[in-house]
S.K.: 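Take a look at the following structure, please.
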There are 2 protein chains.
Amino acid sequence: MSRSGPDLALLMLGGFRSLVDAATAELAARGYEDVRPLHDFALRAIAAGADSASELGRRMSVTKQAAARTVAVLEERGYVERNADPADARRMRLQISERGVTLLRTGEGIFNELRKQWEQQIGPAKLAELESILTELVGVQPVRVDTPGWLARDLGETI
Amino acid sequence: MSRSGPDLALLMLGGFRSLVDAATAELAARGYEDVRPLHDFALRAIAAGADSASELGRRMSVTKQAAARTVAVLEERGYVERNADPADARRMRLQISERGVTLLRTGEGIFNELRKQWEQQIGPAKLAELESILTELVGVQPVRVDTPGWLARDLGETI
DNA sequence: AGACAACGACAACTATGTTGTCTATCTTGG
DNA sequence: CCAAGATAGACAACATAGTTGTCGTTGTCT
């Protein structure tokens with residue numbers, strides 16, 4: 001009780017990490033060893049309509065150069081495809097590959113399983129309350145995921 | 001309602017970022033422009049008893065080399081002092097400087113203010129509930145802060 | 001005394017970000 | 001209808017984290 005401000009921040013970081021670490025480890029176990037959380041977020045942004053590197057950069061609040069490099073990695077690993085845009089010769093249209101789609105589905109499934117585990121741990125009412133309070137505080141606007149670094153690391157091994 | 005697993009993770013990330021971004025910006029405004037969240041965490045670990053680079057590395061779940069570099073930065077910026085340990089010639093004893101102490105105090109105050117803002121926004125009962133639920137889920141064990149990258153970035157400018 | 005462990009330093013590498021510059025291409029307004 | 005400006009993507013240089021591996025010095029323990 002009477003927790004301090006810093007503790008509150010750390011609690012939320014802990015919750016986030018707890019989920020993301022577990023999800024990353026599980027993804028690795030299912031054969032997606034080359035995926036970092038950052039890649040998942042980028043892929044989601046592409047799925048949500050960021051169909052060019054520059055646009056992806058905007059959505060992730062990152063420079064287009066950084067976005068282009070993330071795209072290059074994703075392409076190299078077979079999660080997205082880049083095709084020339086027939087309507088605009090400057091652009092390379094991004095498309096999620098089949099492998100990318102199954103990755104997204106798998107990731108979503110894993111997160112949902114983790115959420116279910118939490119639900120069993122504390123009960124549906126409390127989980128709903130947690131989500132409701134967080135939503136009230138953080139808002140419903142999309143969270144910025146311009147989150148380089150540890151989000152980008154392979155956390156599975158370090159546990 | 002019926003939020004998904006990924007959303008839950010993002011909500012907690014959002015909450016954490018919201019606090020940390022605001023705190024970093026406020027610290028910068030108060031004259032601590034060269035401080036990243038990572039530095040604050042490291043300083044707290046040193047204050048909590050990590051009095052050598054290797055020990056700091058252990059506490060932050062990071063290699064001693066990485067810890068030594070963080071220490072070097074903190075020393076360069078005047079937040080910690082390194083003195084030869086009279087009892088062990090291999091070690092450099094870490095001590096938080098006066099400036100470091102005031103930084104820690106200031107940071108703590110800012111986080112507490114932010115927490116108070118949240119309290120006013122949603123009411124003390126809900127905040128207590130939030131903390132209680134998170135504690136139940138995340139546990140009381142210290143959260144690992146081996147969090148390179150965006151935690152280390154100067155988030156104040158990018159808002 | 002000798003074997004082993006630990007501290008801190010150095011070097012090389014990875015991953016992600018940034019700014020700045022450049023070319024090619026689109027768009028728009030006089 | 002063409003010149004000026006905006007935008008897409010690429011390249012290069014650099015910053016800030018992290019990692020592994022190696023090494024010399026110093027403690028510790030049998």
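Residue numbers start from 1 in every chain, and the chains themselves are labelled A, B, ... in the order their sequence lines are given, proteins ahead of strands.
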S.K.: What's B:Ser54 touching, base or sugar-phosphate or nothing? Going by heavy atoms closer than 4.0 Å.
M.R.: sugar-phosphate

S.K.: Take the protein atom CZ of B:Arg93 and the nucleotide atom P of D:dT26, then report the distance between them rounded to whole Å.
M.R.: 18 Å

S.K.: Could you check how far CZ of B:Arg36 sits from C1' of C:dT18, rounded to whole Å?
M.R.: 13 Å

S.K.: Is it true that a side-chain atom of A:Arg82 and a backbone atom of A:Val71 form a donor plus acceptor pair closer than 3.5 Å?
M.R.: no

S.K.: Reckon B:Arg82 touches a base, only the sugar-phosphate, or nothing at all at heavy-atom distances under 4.0 Å?
M.R.: sugar-phosphate

S.K.: Just call it for B:Ala68: base, sugar-phosphate, or nothing, with non-hydrogen atoms closer than 4.0 Å on any strand.
M.R.: nothing

S.K.: Below the 4.0 Å mark, does C:dA15 have OP1 or OP2 next to a side-chain nitrogen or oxygen of A:Thr70?
M.R.: no

S.K.: Please work out if A:Ala89 contacts a base, only the sugar-phosphate, or nothing of the nucleic acid, heavy-atom cut-off 4.0 Å.
M.R.: sugar-phosphate

S.K.: If I take atom CG in residue A:Leu94 and atom P in nucleotide D:dG9, what distance separates them, rounded to the nearest angstrom?
M.R.: 7 Å

S.K.: Is any side-chain N or O of B:Arg69 under 3.5 Å from a base N or O of D:dG18, one able to act as donor and the other as acceptor?
M.R.: yes

S.K.: Could you state the atom-to-atom distance from CG of A:Asp85 to C1' of C:dT25 in whole Å?
M.R.: 12 Å

S.K.: To the nearest Å, how far apart are A:Glu55 CD and D:dA8 C1'?
M.R.: 12 Å

S.K.: Taking only the side-chain heavy atoms of A:Leu38 (C-beta and beyond), determine which of D:dG18, C:dT16, C:dG8 contains the nearest atom.
M.R.: C:dT16

S.K.: Calculate, to the nearest 0.5 Å, the distance between atoms CG and CZ belonging to B:Leu127 and B:Arg115 respectively.
M.R.: 5.0 Å

S.K.: Which whole-number value in Å describes the distance from B:Leu56 CG to C:dG8 C1'?
M.R.: 13 Å

S.K.: Closer than 3.5 angstrom, by distance alone: can the side chain of A:Thr24 be matched with the main-chain N or O of A:Val20 as a donor-acceptor pair?
M.R.: yes

S.K.: Can you list the steps and then say if B:Ile46 with B:Asp51 is a side chain to side chain contact (heavy atoms under 4.5 Å, CB included)?
M.R.: CA-CA 6 Å; B:Ile46 295 170; B:Asp51 67 337; 5.9 Å; no

S.K.: Could you check which nucleotide pairs with D:dG24 in any of the strands shown, counting Watson-Crick or G-U wobble with both distances under 3.5 Å?
M.R.: C:dC7

S.K.: Tell me whether the side-chain N or O atoms of B:Arg90 pair up with the base of D:dT25 as donor and acceptor below 3.5 Å, since no angle test is needed here.
M.R.: no

S.K.: Taking for each residue the nucleotide of DNA chain C bearing the nearest heavy atom, is the 5' side occupied by A:Lys64 or by A:Pro86?
M.R.: A:Lys64

S.K.: Between A:Thr63 and C:dG17, does any side-chain N or O lie under 4.0 Å from OP1 or OP2?
M.R.: no

S.K.: 5'-most contact on DNA chain D: A:Gln65 or A:Asp88, nearest heavy atom basis?
M.R.: A:Asp88

S.K.: Any ion pair linking A:Arg58 and A:Glu55 (charged N to carboxylate O, less than 4.0 Å)?
M.R.: yes

S.K.: Would you check if the side chain of B:Arg77 reaches a backbone N or O of B:Asp34 as a donor-acceptor pair within less than 3.5 Å?
M.R.: yes

S.K.: Would you mind reading off the distance between B:Met92 atom CE and D:dG24 atom C1', rounded to a whole angstrom?
M.R.: 16 Å

S.K.: Using a 4.0 Å heavy-atom cut-off across all strands, classify A:Arg58 as base, sugar-phosphate, or nothing.
M.R.: sugar-phosphate

S.K.: Nearest whole Å is fine: how far is C:dT16 P from A:Leu74 CG?
M.R.: 10 Å

